[in-house]
Amino acid sequence: MPEGDTVYRAAAKLNAALAGRVVTRFDIRVPGSATADLRGETVHEVAARGKHLLHRIGGYTLHSHLKMEGRWDLYRPGQRWRRPAFKARAIVGVDGMDAVGFDLAMVEVLRTTDEHTVIGHLGPDLLADDWDEAEAVRRVSVDDRAAHVALLDQRNVAGFGNVYANELLFVRGIAPTTPATRIDARATIALGERMIRANLPRPERTFTGDSRPGRRFWVYGREGAPCRRCGTPIRATTLGATDTSERNVFWCPTCQPG
């Protein structure tokens, strides 16, 4: 599931392969940007902002979002793609390498000076050089919605996804429905930052410290299974800012009393 750490690693991989090189192939397969042609321009960098990917090429930015299923892969010329061609939404090629974006939920080309129109709403980015913990704490502290919903709102803090929200609230002993105004936002955000940074170098994201299959999560995806701390069956429900943005929520009613 693409969350802040996944997108950060994807940007680093793409940046290492493309930065400083001239674009030889540029194919955008979505309405609105399908006619864009940046061949001959130089890739300045590929950067992550929250869950957004930004290919900065010449004076333009190819903006994409992985959402749930999206991914970017790298291929040598003639190498067989690991996904069907009809799922490709964007291709950025340089001499000897093609970056192919599959199942991307959002793809558009805009001037780099206009990036604020697509990422300006984001809160402080957990993995950015300009990470502002105090501002993230302030935003979460005044959000009177459920803590789970507040942590997922990218306008409060950019980078947390549903897995992090579930696991972070368990470790902090906070019921998901607790209003964010009633939690220790500073301690919660600080722990979340440590979690996401610790997972950056890991091939498999883990929160328990155990990377073995079936042992990586405290509560996420474990409905009905015994809590690893107290043995109480894990419960599940859905929460979201709107009906269309609801996410699966898991918690231990003993370790996370409401």
Side-chain angles (χ1 to χ4, degrees), residues 1-7 50-51 66-69 123-127 133 136-200 202 204-258:
M1 180 178 295
E3 304 208 16
D5 51 355
T6 305
V7 179
K51 299 182 182 182
L66 302 182
K67 291 291 185 181
M68 295 295 290
E69 303 295 333
D125 186 334
L126 286 154
L127 296 174
E133 180 181 339
V137 170
R138 185 193 69 78
R139 295 188 185 201
V140 171
S141 296
V142 298
D143 194 326
D144 60 4
R145 297 173 298 174
H148 188 275
V149 175
L151 289 173
L152 283 184
D153 192 332
Q154 301 300 293
R155 296 171 298 180
N156 288 336
V157 54
F160 288 140
N162 196 37
V163 177
Y164 275 96
N166 277 283
E167 295 292 295
L168 175 55
L169 290 174
F170 172 81
V171 174
R172 287 288 304 155
I174 300 168
T177 53
T178 304
T181 52
R182 292 175 51 195
I183 71 173
D184 185 339
R186 185 172 302 280
T188 303
I189 295 296
L191 177 60
E193 182 194 1
R194 292 198 298 274
M195 282 181 167
I196 201 167
R197 289 188 179 276
N199 274 318
L200 274 180
R202 292 171 175 159
E204 293 288 347
R205 187 186 297 138
T206 181
F207 297 89
T208 62
D210 190 337
S211 60
R212 290 176 295 175
R215 302 289 299 177
R216 297 185 293 122
F217 303 128
W218 292 105
V219 293
Y220 184 79
R222 301 189 64 243
E223 180 181 6
C227 174
R228 300 191 194 283
R229 284 181 175 170
C230 72
T232 302
I234 299 299
R235 294 185 183 176
T237 187
T238 57
L239 284 174
T242 65
D243 290 344
T244 58
S245 64
E246 288 187 338
R247 297 291 183 267
N248 294 324
V249 177
F250 305 90
W251 82 102
C252 172
T254 299
C255 297
Q256 298 168 265

Task: Pairs meeting criterion ring-ring contact (aromatic ring centres under 6.0 Å, His included) with involvement of residues 163-191, two or more places apart - done: Tyr164-Phe207, Phe170-Trp218
Open item on the list: Among residues at least two apart in sequence or on other chains, which ones pass side chain to side chain contact (heavy atoms under 4.5 Å, CB included) with Pro233?
Closed with: none
Task: Non-neighbouring partners of Thr206 that pass side chain to side chain contact (heavy atoms under 4.5 Å, CB included), sequence neighbours left out - done: Asn199, Arg202, Thr208, Arg216
- [ ] Can you sort out the partners of Thr254 under side-chain hydrogen bond (donor to acceptor under 3.5 Å, both in side chains), two or more places apart, ordered by chain and number?
- [x] Thr232
- [ ] Quick one: list whatever passes salt bridge (charged side-chain N to carboxylate O under 4.0 Å, His left out) with Arg229, sequence neighbours left out.
- [x] none
Open item on the list: Please enumerate all residues that pass side-chain hydrogen bond (donor to acceptor under 3.5 Å, both in side chains) together with Glu246, with sequence neighbours excluded.
Closed with: Thr238
Task: Residues forming a side-chain hydrogen bond (donor to acceptor under 3.5 Å, both in side chains) with Asp125, sequence neighbours excluded - done: none
- [ ] For the pair Leu169 and Leu151, evaluate side chain to side chain contact (heavy atoms under 4.5 Å, CB included) and give the outcome as yes or no after the intermediate values.
- [x] CA-CA 10 Å; Leu169 290 174; Leu151 289 173; 3.9 Å; yes
TODO: Name all residues meeting the side chain to side chain contact (heavy atoms under 4.5 Å, CB included) criterion together with Glu133; count only those two or more places apart in sequence or in a different chain, and write none if there are none.
DONE: Trp131, Val137, Arg186, Ile189, Ala190, Glu193
TODO: Check side chain to side chain contact (heavy atoms under 4.5 Å, CB included) between Arg222 and all other residues, then give those that pass, not counting sequence neighbours.
DONE: Ala225, Pro226, Arg228, Ile234
Task: Heavy-atom donor-acceptor pair, Glu3 side chain to Val163 backbone, under 3.5 Å - done: yes
Task: Whether Glu223 side chain and Gly221 backbone form a donor-acceptor pair below 3.5 Å - done: no
TODO: Give, for atom OG of Ser245 and atom CG of Leu239, the distance between the pair rounded to the nearest 0.5 Å.
DONE: 10.0 Å
TODO: Give, for atom NE2 of His148 and atom CG of Asn162, the distance between the pair rounded to the nearest 0.5 Å.
DONE: 4.0 Å
Open item on the list: Checking the side chain of Asn166 only, and the main-chain atoms of Asn248 only, is there a donor and an acceptor separated by less than 3.5 Å?
Closed with: yes
Task: Nearest heavy atoms of Cys252 and Cys230, plus distance in Å - done: SG-SG, 3.6 Å
Open item on the list: Strictly by salt bridge (charged side-chain N to carboxylate O under 4.0 Å, His left out), give each pair with a member in residues 148-172 just once, sequence neighbours left out.
Closed with: Arg145-Asp153, Asp153-Arg155
Open item on the list: Just to verify, what does Phe250 make a ring pair (Phe, Tyr, Trp, His ring centres under 6.0 Å) with, not counting sequence neighbours?
Closed with: Tyr220
- [ ] Applying salt bridge (charged side-chain N to carboxylate O under 4.0 Å, His left out), name anything that partners Arg182, two or more places apart in sequence or on another chain.
- [x] none
